[in-house]
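Heads up: the structure comes next, in structure tokens.
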2 protein chains.
Amino acid sequence: MSLESVPPKYAQLVQALQRRIESGDYPPGSLLPSENQLINEFGVSRPTVVAALRVLREQGWIDSQQGKGRFVRGRPAMASAEQPRPGQAYLTAPETASAGEVIEAAAVAVPNRIAALLNLAPKSKAFLRRRLISRDGEPTEVVSVWVPLELSEGTDLTSAESLPQGLREHLQSRKGVRFDHIVEQITARMPATAEAKQLGMPKNTPLLAVYGAVRDASGTALAVVEVLLPADRHELEDAYPIG
Amino acid sequence: MSLESVPPKYAQLVQALQRRIESGDYPPGSLLPSENQLINEFGVSRPTVVAALRVLREQGWIDSQQGKGRFVRGRPAMASAEQPRPGQAYLTAPETASAGEVIEAAAVAVPNRIAALLNLAPKSKAFLRRRLISRDGEPTEVVSVWVPLELSEGTDLTSAESLPQGLREHLQSRKGVRFDHIVEQITARMPATAEAKQLGMPKNTPLLAVYGAVRDASGTALAVVEVLLPADRHELEDAYPIG
DNA sequence: GCTCTAACTTGGTAAAACAACCTGTCGGGT
DNA sequence: ACCCGACAGGTTGTTTTACCAAGTTAGAGC
């Protein structure tokens, strides 16, 4: 039997048109062939053509205007720039992917900001796992993860060793929770003396602080990751389409 | 004549189902009525039902599984957090939407960072429009927009008055350029003495700086917006789905 | 208890029709 | 000659009917 399940026709059409746009066959700003032309050329029905063009429009490759036609926008610059957001890498990638040492792994009373993000009462406890990340032998970032106590039970988070598995996979397989989205807060403050010393930074330069609250689809907070970066050595970069 | 253009049927169905999910009529985890049930209840055809359910799935309201049915996930926590990103509001909304005064509007030599984002030679000139934004009578942010000289010609950017139109619409109608996406950089630094005075902030608290480079679909830089926020009074918040 | 089938589900394709919108052209009028 | 409206022909947007394919489940029959 043919195990090579062919992709649906509309998906093939999407790929064919993407190739033509990328190759310059359909340059940006030009008018795409009309629906009828595509029907004749590819030998498919109109719903199939429309389904393919809908995908392209939703992905940002083309614009459509009723009565005029569909215009090529070019390869969506976003598609390539899908690099992980600041804190996200530390949630999905295994700890062994980044050089660093675990400097704290225990249940502690949570700071106010973390309590708010986790929907916990102030001064209640949560499990904290904090690592000092190094690049080229120099300490560069402090990454902390707070997890509610009931979620940390039965996991390997207490280990002082680097986890060979990403936090996301670990919690998903052990506790059956599903990460859905992240609410991110970015702020800046001056470093405490101990922090400046840990990071080897001058104590008169600010610290960029990124807080990422991980939630499931219903909005329940599952974990909070905090990334502290010396602002003189790091920036946050990101790209997104305009509505 | 009836000016109240009715929304398409599939859009009405989307709204109806969203209301039922939000009201708890279709609780998260439950099975949505099958396509045939919805066809009978709403008196529409199957493609219409499928179109509505496709929108709901793409927006994250439901999950679908072939052979079993469609499961309610709940209101996507993202939908509400679709507020504009930090710098974006100043590009689309008219200046009159935010209280503030124009404190600079002239062609100036661009700083290095701006030159890099605009793909200009260092020390070349660009048009700068800078405003001091106030909330509740207190100055809170400095918003600067750099536009290449050739794009600023023939526009109202030189006016000291607040523009009644958004920068996006203005440049789009006057110069025919299309905003496509934004590359955003976030960093922190200490304020200059003049900046601290302008913003009425203590000079030992850091300044959050957001740089948004607006580009068209081909990646050509069209403008750069810089937002300066005192870190003790403002934070950046954002939400995004996990890949 | 086991298997197999029937009946359900969603996914995909085809053919047809109408509506809304844009852009020319061809008039008639000034 | 010029301007302006009507109109025809193109485009995309929406809706309907119909059929087949693939995955899941439950019950009939062994």
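The structure presented is a predicted model; accordingly, all values stated were derived computationally and were not measured.
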query: So, A:E35 and A:R70, do they make that salt bridge, N to O below 4.0 Å?
result: yes
field: Residue of the set B:V225, B:V108, B:L117 for which side chain to side chain contact (heavy atoms under 4.5 Å, CB included) holds with B:W146
entry: B:V108
query: Can a side chain N or O of A:Y10 be found less than 4.0 Å away from OP1 or OP2 on C:dG12?
result: yes
- prompt: Are B:R20 and B:E41 ion-paired here, with the side-chain N under 4.0 Å from a carboxylate O?
  reply: yes
task: Measure from CD1 on B:I62 to P on C:dT9 and round the result to the nearest Å.
output: 15 Å
- prompt: Heavy-atom contacts under 4.0 Å between residues 35-48 of chain B and DNA chain C, which residues?
  reply: B:E35, B:N36, B:R46
- prompt: So which one's nearest nucleotide on DNA chain C is more toward 5', A:Q66 or B:V50?
  reply: B:V50
- line: Assert: residue with more 5' nearest nucleotide on DNA chain C, out of A:A11 and A:Q65, is A:A11
- request: Would you mind classifying the nucleic acid contact of B:R57 as base, sugar-phosphate or nothing, using non-hydrogen atoms under 4.0 angstrom?
  value: sugar-phosphate
message: If I take atom NZ in residue B:K9 and atom C1' in nucleotide C:dA20, what distance separates them, rounded to the nearest angstrom?
response: 17 Å
message: When you compare the side chain of A:V49 with that of A:F42, does any pair of heavy atoms fall below 4.5 Å?
response: no
task: Look at the side chain of A:K68 and decide which nucleotide, out of C:dC22, C:dT10, C:dA20, has an atom nearest to it.
output: C:dC22
query: Which two nucleotides bound the region of DNA chain D that has atoms under 4.0 Å from heavy atoms of chain B, read 5' to 3'?
result: D:dT14 to D:dT25
- prompt: Is any side-chain heavy atom of B:V210 less than 4.5 Å from a side-chain heavy atom of B:Q185?
  reply: no
field: Pair B:E141 + B:R135, salt bridge at N-O below 4.0 Å
entry: yes
